[in-house]
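Notes for the one structure printed next.
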Amino acid sequence: MGAVGYRHRVRRLVREKQELEAKVDERTAEVVLQKDELSKANEALNRLIIQLEEKSRQFEESKVKAEQASEAKGEFLANMSHEIRTPMNAIIGMTGLALDTELTAEQRRYLNTVKTSADSLLTIINGVLDFSKIEAGKLDLHPLAFRLRESLGGMLKTLALRAHKKRLELAYHVLDSVPDFLIGDAGRLRQIILNLVGNAVKFTDRGEIMVRVEPDWKTAEEVCLHFAVSDTGIGIPDEKQRAIFEAFEQGDGSTTRRYGGTGLGLAISSKLVELMGGRIRVDSKVGRGSTFHFTARFRRQAKPSARPGLTPPPGLRDLRVLVADDSQSTRRIIVDMLRAWHMQPFEVESGRAALDALDRADPDGLRIRIVLVDAQMPGMDGFAVAEQVNRRPEPRPSTIMMLASAGELRDAARCRELGVAAHLIKPVTHSQLLDAITKVLGLSGAEAAAEGLGAVRLLPRPKRPLHVLVAEDNAVNQELVVHLLKRRGHTTTVVSSGRDALARLEQEKFDVVLMDVQMPEMDGFQVTAAVRERERTAGRHIPIVAMTASAMKGDRERCLEAGMDRYISKPIHAAHLLQALEGLVTGPNGEDGREDAEPDDTIDRKALVTRVDGDLELLRRMADPFIADCPRRLGVIKVAIARQDCSTLERAAHFLKGSVGNFCAPAVFEAALRLERMARNGDLSGAEEAAARLEDGIERLRRALLALLDASGVRA
């Protein structure tokens with residue numbers, strides 16, 4: 001390479017170097033710029049992080065405040081419940097006592113008005129508390145086995161009188177395709193139905209109210225039912241149909257509105273329907289009535305009974321029955337029931353048409369055997385029909401059964417005068433109609449057996465007088481409870497504080513303690529804890545019944561877990577109080593001191609016999625293995641407690657709880673549930689005492705079942 005070439009090469013390298021340096025400088029400037037931008041971005045990110053941290057702190061503060069507000073709200077509701085229910089207890093209780101005395105007609109009218117108003121106020125209070133529980137997410141469902149048709153009929157019976165006073169027809173129709181034996185919260189279903197039907201009665205002046213149930217879908221294990229509540233009332237404007245499901249909203253919210261109410265009923269019903277896995281809506285036209293639709297999901301009972309439905313005796317097959325009612329809906333419901341039992345029903349819409357149908361009947365064996373006639377029909381009512389039928393010549397006039405809208409004494413007396421064979425109050429349930437028909441024809445049926453064995457007095461005679469310690473600081477409540485107990489032949493000692501209660505229990509022997517939960521100096525929980533601690537060494541268990549005006553979720557469980565045996569809420573109902581007391585107490589070795597003692601209320605006999613559809617042989621087959629297996633299960637429980645084996649204890653208590661649930665024995669069920677919860681929570685500090693209480697309950701249940709089976713004559 002020559003000198004010229006070398007110079008060219010050097011110049012080229014210099015240029016390349018300069019270009020490279022320029023690029024480096026340019027890139028350096030870009031990097032500096034990017035570094036500056038990155039620094040700014042970091043600063044913005046840091047500011048954002050600081051803002052997020054501040055927002056998070058504010059959120060945590062808001063969350064704590066919301067939790068504190070929710071806790072304060074719950075405490076306020078509990079206190080409000082107690083403060084309102086305490087005077088309500090006095091008003092309702094004392095009014096009830098006054099109504100049991102000799103009164104003039106005017107005084108009785110005044111007191112009935114007071115009682116009705118107090119009951120209405122209590123309903124409003126319960127509605128507000130229910131809505132507050134729903135808002136706080138503290139309202140749970142309690143699924144139990146029940147029969148849909150009988151439950152629905154019982155629900156509507158409570159509103160029949162209100163409907164009758166407005167001359168409204170009230171009926172219900174459950175399609176044959178709807179399963180009857182279900183598992184669900186029948187109490188909450190009742191609340192929804194009563195809200196909707198109660199509103200229908202309120203807003204309807206003429207016509208009818210119909211409840212219809214049909215399956216939405218069903219599987220072998222589950223069913224979703226569609227309920228429709230229809231009325232012929234005033235209707236709801238389109239613009240109001242969405243708002244009525246909101247809290248405190250009504251179709252007419254003006255201060256001059258004709259219809260009262262809090263506007264909570266539909267809001268609560270809507271929330272309950274959601275809890276039951278369904279939806280609620282309304283179809284309505286102003287002046288033409290409304291239909292409220294809702295769906296609810298239930299589980300199906302796996303083995304409800306050996307006989308899944310009402311079984312009519314063979315003598316009813318092909319029986320000719322005339323149904324006379326001016327309501328087409330009621331006629332169709334009754335006719336569907338009769339056809340399901342393989343009878344031959346005919347329907348007419350008036351009294352005159354009923355007589356014409358009887359005239360056309362063939363006297364040679366195809367005559368109409370039973371006439372089901374509505375008491376109130378235009379033109380010729382049911383009583384006039386009965387008079388005409390009774391004047392007919394022999395042979396064998398048809399049997400008259402009267403359908404009435406409400407049980408007025410004058411209607412019942414007139415039925416007796418006319419020789420009417422049965423007087424049924426609408427809406428008529430399946431079992432009531434079948435039982436009435438079998439009885440008037442002198443046949444036998446499962447429902448008749450169930451009715452006979454299941455009929456128990458609301459307040460059975462006490463097996464023996466009890467000596468009761470009443471721990472209650474409210475003077476009016478003291479007087480009410482003492483009066484109720486004395487009327488039943490029991491003796492009482494009254495104290496006004498928890499400390500006085502403990503002192504009395506040291507000085508005197510009592511059969512049972514009625515313990516107010518909220519008292520000065522020591523509350524009911526503290527007293528119960530002290531009593532149960534003493535019993536660890538003394539060995540004797542004294543039953544304690546909690547009395548509380550609180551009505552919040554967990555109150556019952558808190559009382560039972562504290563060592564109390566039963567729980568009754570205020571306002572106190574005489575039947576609930578006396579049944580709680582008299583069902584708890586037994587004498588030495590589980591006996592009540594009488595050789596021929598009546599069975600206590602450990603089991604609800606009527607509910608139990610209804611559950612087995614009157615089949616007492618089925619009940620025996622259920623009871624025998626249960627009674628035989630209980631000692632082994634109780635032995636497993638004792639061993640598990642001794643070994644502190646929570647898992648085994650929970651399974652054993654859960655199994656016994658499920659078995660006991662078949663026999664309508666709520667107190668024994670609660671005892672098993674309490675032991676199961678102890679095991680689940682891993683706290684066995686009071687397990688021995690809870691197991692002893694469960695063992696005592698199982699023994700009382702065994703004796704009650706054997707007494708029922710003995711009385712029915714099905715025991716071998």
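As a basis for the values below, the full set of heavy atoms in this structure was taken, side chains included, without hydrogen atoms, waters or symmetry mates.
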Item to check | Ile193 and Arg190: CA distance, side-chain angles, deciding distance, side-chain contact (heavy atoms from CB on, under 4.5 Å) verdict | outcome: CA-CA 5 Å; Ile193 292 291; Arg190 173 188 176 90; 5.8 Å; no
Checklist entry - So, does Asp185 use its side chain to make a donor-acceptor pair with the main chain of Arg188 at under 3.5 Å? => result yes
Checklist entry - Is a side-chain donor-acceptor pair under 3.5 Å present for Asp216 with Thr295? => result no
Item to check | Pairs involving residues 663-673, ordered by first then second residue, that meet salt bridge (Lys or Arg N to Asp or Glu O under 4.0 Å) (sequence neighbours left out) | outcome: Arg556-Glu670
Checklist entry - So do Met337 and Val428 actually touch side chain to side chain, heavy atoms under 4.5 Å? => result no
Checklist outcome for this item: Residues passing the side chain to side chain donor-acceptor pair (under 3.5 Å) test with Thr330, sequence neighbours excluded, are Glu169, Ser327
Checklist entry - Can you name the nearest heavy-atom pair linking Leu225 to Pro215, along with the distance? => result CD2-CA, 4.1 Å
Checklist entry - Can you name the side chain to side chain donor-acceptor pair (under 3.5 Å) partners of Ser329, sequence neighbours left out? => result Glu208
Item to check | Heavy-atom side-chain proximity of Arg339 to Pro345 below 4.5 angstrom | outcome: yes
Item to check | Counterpart residues, side chain to side chain donor-acceptor pair (under 3.5 Å), relative to Thr291 (two or more places apart) | outcome: Ser230
Item to check | Contact check, side chains of Trp341 and Leu433, non-hydrogen atoms, under 4.5 Å | outcome: yes
Checklist entry - For Ser290, does its backbone N or O pair with a side-chain atom of Asp231 as donor and acceptor, under 3.5 Å? => result yes
Checklist entry - Nearest 0.5 Å, what's the NE2-CD distance between His430 and Glu150? => result 8.0 Å
Next on the checklist: Working to the nearest 0.5 angstrom, can you tell me the gap between Ile400 CD1 and Ile370 CD1?
Outcome noted: 10.0 Å
Checklist entry - Is there a side-chain contact (heavy atoms from CB on, under 4.5 Å) between Thr429 and Tyr172 once you walk through the steps? => result CA-CA 9 Å; Thr429 67; Tyr172 74 101; 3.6 Å; yes
Next on the checklist: Minimum heavy-atom separation for Val197 and Leu170, please, with both atom names.
Outcome noted: CG1-CD1, 4.0 Å
Next on the checklist: Rounded to the nearest 0.5 Å, what separates atom CD1 in Ile627 from atom CG in Asp629?
Outcome noted: 11.5 Å
Checklist entry - Excluding sequence neighbours, so at least two apart, what forms ring pair (Phe, Tyr, Trp, His ring centres under 6.0 Å) with His293? => result His226
Item to check | Side-chain heavy atoms of Arg320 within contact of Arg369, under 4.5 Å | outcome: no
Checklist entry - To the nearest 0.5 Å, how far apart are CD1 in Ile209 and NZ in Lys166? => result 7.5 Å
Next on the checklist: Could you measure the distance from the CG atom of Leu338 to the CD1 atom of Ile333? Nearest 0.5 Å is fine.
Outcome noted: 12.0 Å
Next on the checklist: A side-chain contact here means heavy atoms from C-beta on lying under 4.5 Å apart; do Asp356 and Val348 qualify?
Outcome noted: no
Checklist outcome for this item: Heavy-atom nearest pair, Ala386 first then Leu418, reads CB-CD1, 4.1 Å
Checklist entry - Run the side-chain contact (heavy atoms from CB on, under 4.5 Å) check on Leu355 and Met380 step by step: do they pass? => result CA-CA 10 Å; Leu355 294 178; Met380 176 181 285; 3.6 Å; yes
Checklist entry - Between Gly382 and Val373, what is the shortest heavy-atom contact and its length? => result CA-CG2, 3.6 Å
Checklist outcome for this item: Phe626 meets the ring pair (Phe, Tyr, Trp, His ring centres under 6.0 Å) criterion, sequence neighbours left out, with Phe663
Checklist entry - Does some side-chain heavy atom of Lys657 sit less than 4.5 Å from a side-chain heavy atom of Val660? => result no
Item to check | Side chains of Gln328 and Arg331, donor plus acceptor under 3.5 Å | outcome: no
Checklist entry - At their closest point, which heavy atom of Arg566 faces which heavy atom of Ala667, and how far apart are they? => result NH2-CB, 3.1 Å
Checklist entry - If you take all heavy atoms of Met401 and Ala436, which pair is closest and at what distance? => result CE-CB, 3.5 Å
Checklist outcome for this item: Contacts of Asp176 meeting salt bridge (Lys or Arg N to Asp or Glu O under 4.0 Å) (sequence neighbours excluded), chain-then-number -> none
Checklist entry - Do other residues, nucleotides or ligands put more than 12 heavy atoms under 6.0 Å from Glu349 CD? => result no
Item to check | Residues which pass salt bridge (Lys or Arg N to Asp or Glu O under 4.0 Å) with Asp325, listed by chain and number, not counting sequence neighbours | outcome: Lys426
Item to check | Set of residues satisfying salt bridge (Lys or Arg N to Asp or Glu O under 4.0 Å) with respect to Asp336, sequence neighbours excluded | outcome: Arg332
Next on the checklist: I want to check something: taking the side chain as every heavy atom from C-beta on, are Val211 and Leu196 in contact at a cut-off of under 4.5 Å?
Outcome noted: no
Checklist entry - What distance do Phe292 atom CZ and Asn195 atom CG have between them, rounded to the nearest 0.5 Å? => result 10.5 Å
Next on the checklist: Looking at Pro378, is its backbone amide N or carbonyl O close enough to the side chain of Asp326 to form a donor-acceptor pair, meaning the two atoms are under 3.5 Å apart?
Outcome noted: no
Next on the checklist: My understanding is that only residues two or more places apart in sequence, or in another chain, count here; which of them pass ring pair (Phe, Tyr, Trp, His ring centres under 6.0 Å) with Phe294?
Outcome noted: Phe227
Checklist entry - Listed by chain and number, what are the salt bridge (Lys or Arg N to Asp or Glu O under 4.0 Å) partners of Arg212, not counting sequence neighbours? => result Glu214
Checklist entry - Quick one: does Gln376's side chain get under 4.5 Å of Asp381's, heavy atoms only? => result no
Listing, residues 217-224 side-chain donor-acceptor contacts under 3.5 Å, not counting sequence neighbours, or none:
| from | atom 1 | to | atom 2 | distance (Å) |
| --- | --- | --- | --- | --- |
| Lys218 | NZ | Ser177 | O | 2.6 |
| Thr219 | OG1 | Glu221 | N | 3.3 |
| Thr219 | OG1 | Glu222 | N | 3.0 |
| Thr219 | OG1 | Glu222 | O | 3.3 |
| Glu222 | OE1 | Arg297 | NH2 | 3.2 |
| Glu222 | OE2 | Arg297 | NE | 3.0 |
| Glu222 | OE2 | Arg297 | NH2 | 2.9 |

